[in-house]
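Here is the structure we will look at, set down as structure tokens.
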Amino acid sequence: MIRGTWLPCLSRTVSPPVILLPGLGLSSRYLHLLGRHLPVTSGVWIVDCQGPIARGGGATFKVVEVARAVCEWAPWRNIKSATVVGHSYGAQVAVELALWKPDLVNTLVLAAPPIDPAGRRISRLVFRLLRDTLHEPVSLILMAASCYLKNGVRAWKMLREALKEPLEQRVAGLQQPVLLIRGAKDTVVPHSWTVQLSRLIGDSSLLTIPRHAHGVVFSNAQTVADAIRQFAPPGAMEMPEWSSRTQLTIL
């Protein structure tokens, strides 16, 4: 069920790549812009769950199962260590991936990580998403609508399973440095929730980007890419590492 897209590297230097994990039911297309802004030396991989489910293999809907599928996919692409960036549902997968295979994830970036206890009801979540569309680019809304029309049944089943996974019970076990990113106008992921996650994670930084919402990785890909570039370990993107447990706002 895992399908990957590779964005080519900018030099021949050997260094860990970046793995981007998209939101629930979305294809890798909306993360291409972010990937192109990342000046990594060994390329960017974007994976999604849009591929067909193998006959007789059973469906994969739980977050931990998707993370294990990515674990199986990575060696196939000869990826031994990477900076992993998860957006929305992809952030849940990224956390499980970091816990399941800590050697694979050297740095973790969680953009708009879902979802606080108050939002774990379908009706509340749908209401938040509808409010969030008021602040999103039309192009992103149309792209998401196209994905849900094509892949809606699977996305619905994966959403029901994702709501059963309390992220606050998982992040405390992370061993990697973590960067949390949130758009200031995000109505899906409250600011208080990202602050709570930051406090639960031992080595973390929190970045708030004004004037952008849940889809900040698309609507302001350049700023997100700059933040990832600064946060990644030296050598991966040739920028200094951020100090831990900082809270930053890009104006």
Side-chain angles (χ1 to χ4, degrees), residues 5-23 26 28-47 79 81-88 90-91 93-95 98 105-113 132 135-137 139-140 143 174 176-186 188-189 191 194-195 197-198 201 203-251:
T5 301
W6 181 67
L7 301 182
C9 57
L10 300 180
S11 78
R12 297 180 181 178
T13 305
V14 178
S15 66
V18 175
I19 297 176
L20 304 180
L21 302 173
L26 299 179
S28 61
R29 289 180 298 152
Y30 84 106
L31 291 177
H32 284 195
L33 183 60
L34 172 61
R36 293 190 182 101
H37 283 305
L38 291 170
V40 294
T41 56
S42 59
V44 176
W45 279 100
I46 311 176
V47 302
I79 301 174
S81 179
T83 295
V84 177
V85 182
H87 173 241
S88 193
V93 177
V95 169
V105 182
N106 59 52
T107 307
L108 192 60
V109 180
L110 307 179
D132 189 77
H135 307 290
E136 299 289 4
S139 55
L140 178 59
M143 191 181 301
L174 294 172
Q176 302 85 350
V178 179
L179 171 62
L180 295 157
I181 300 177
R182 175 185 176 271
K185 291 187 176 181
D186 190 341
V188 180
V189 178
H191 175 67
T194 54
V195 171
L197 291 178
S198 180
I201 300 169
D203 185 2
S204 67
S205 302
L206 175 58
L207 171 66
T208 301
I209 302 178
R211 299 184 296 277
H212 291 273
H214 193 66
V216 63
V217 294
F218 177 88
S219 61
N220 197 352
Q222 181 66 71
T223 298
V224 174
D226 289 343
I228 296 170
R229 182 180 61 196
Q230 294 179 58
F231 186 74
M237 297 182 222
E238 300 177 357
M239 292 292 288
E241 190 173 5
W242 281 14
S243 59
S244 63
R245 297 202 60 81
T246 57
Q247 183 168 333
L248 302 177
T249 300
I250 293 181
L251 300 176

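Aromatic rings from His87 and Tyr30 are positioned such that their centres are separated by under 6.0 Å.
In terms of heavy-atom proximity, Leu20 sits nearest to Pro22 at O-CD, 3.8 Å. Taking all atoms of both residues into account, the shortest heavy-atom contact from Ala112 to Asp186 is CB-OD2, 3.6 Å. Between Ala221 and Leu33, the shortest heavy-atom contact is CB-CG, 3.8 Å. Annotation for Val217 and Leu34: closest pair O-CB, 3.8 Å, computed over non-hydrogen atoms. Among all heavy-atom pairs drawn from Leu179 and Ala227, the shortest one is CD2-O, 4.0 Å. Between Ala98 and Leu174, the shortest heavy-atom distance links the atoms CB-CD2, 3.7 Å.
Distance alone, capped at 3.5 Å, is enough to place a donor-acceptor pair between the Glu136 side chain and the Gly215 backbone. Between the side chain of Thr194 and the backbone N or O of His191 there is at least one donor-acceptor pair closer than 3.5 Å. Using modelled atom types, no side-chain atom of Arg182 and backbone atom of Leu207 make a donor-acceptor pair closer than 3.5 Å. With Asp132 contributing its side chain and Val188 its backbone, the two residues share no donor-acceptor pair below 3.5 Å. Under the 3.5 Å distance criterion, the side-chain polar atoms of Ser204 are matched with a main-chain donor or acceptor of Ser198. Gln176 places a side-chain N or O within 3.5 Å of a backbone atom of Val105 that can act as its donor or acceptor partner.
Distance check: Leu21 CG to Trp45 CH2 gives 13.5 Å after rounding to the nearest 0.5 Å. Distance check, rounded to the nearest 0.5 Å: NE2 of His32 to CZ of Phe218 gives 11.5 Å. Distance check, rounded to the nearest 0.5 Å: OG of Ser219 to CZ of Arg211 gives 11.0 Å. The NE2 atom of His212 lies 12.5 Å from the CD1 atom of Ile181; values are rounded to the nearest 0.5 Å.
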Margin query: Walk me through whether Val84 and Thr107 qualify under side-chain contact (heavy atoms from CB on, under 4.5 Å).
Written below: CA-CA 6 Å; Val84 177; Thr107 307; over 6 Å; no

Next item on the list: Quick one: do Gln222 and Asp226 satisfy side-chain hydrogen bond (donor to acceptor under 3.5 Å, both in side chains)? Show the steps, please.
Entry: CA-CA 6 Å; Gln222 181 66 71; Asp226 289 343; 3.0 Å; yes

Next item on the list: Given side-chain contact (heavy atoms from CB on, under 4.5 Å), test Val178 with Leu110 step by step and report yes or no.
Entry: CA-CA 7 Å; Val178 179; Leu110 307 179; 3.9 Å; yes

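For the pair Ile228/Leu38, a side-chain contact is recorded, criterion being any heavy-atom separation below 4.5 Å from C-beta on. Contact of the Thr83 side chain with the Asn106 side chain is registered, since non-hydrogen atoms from C-beta on lie closer than 4.5 Å.
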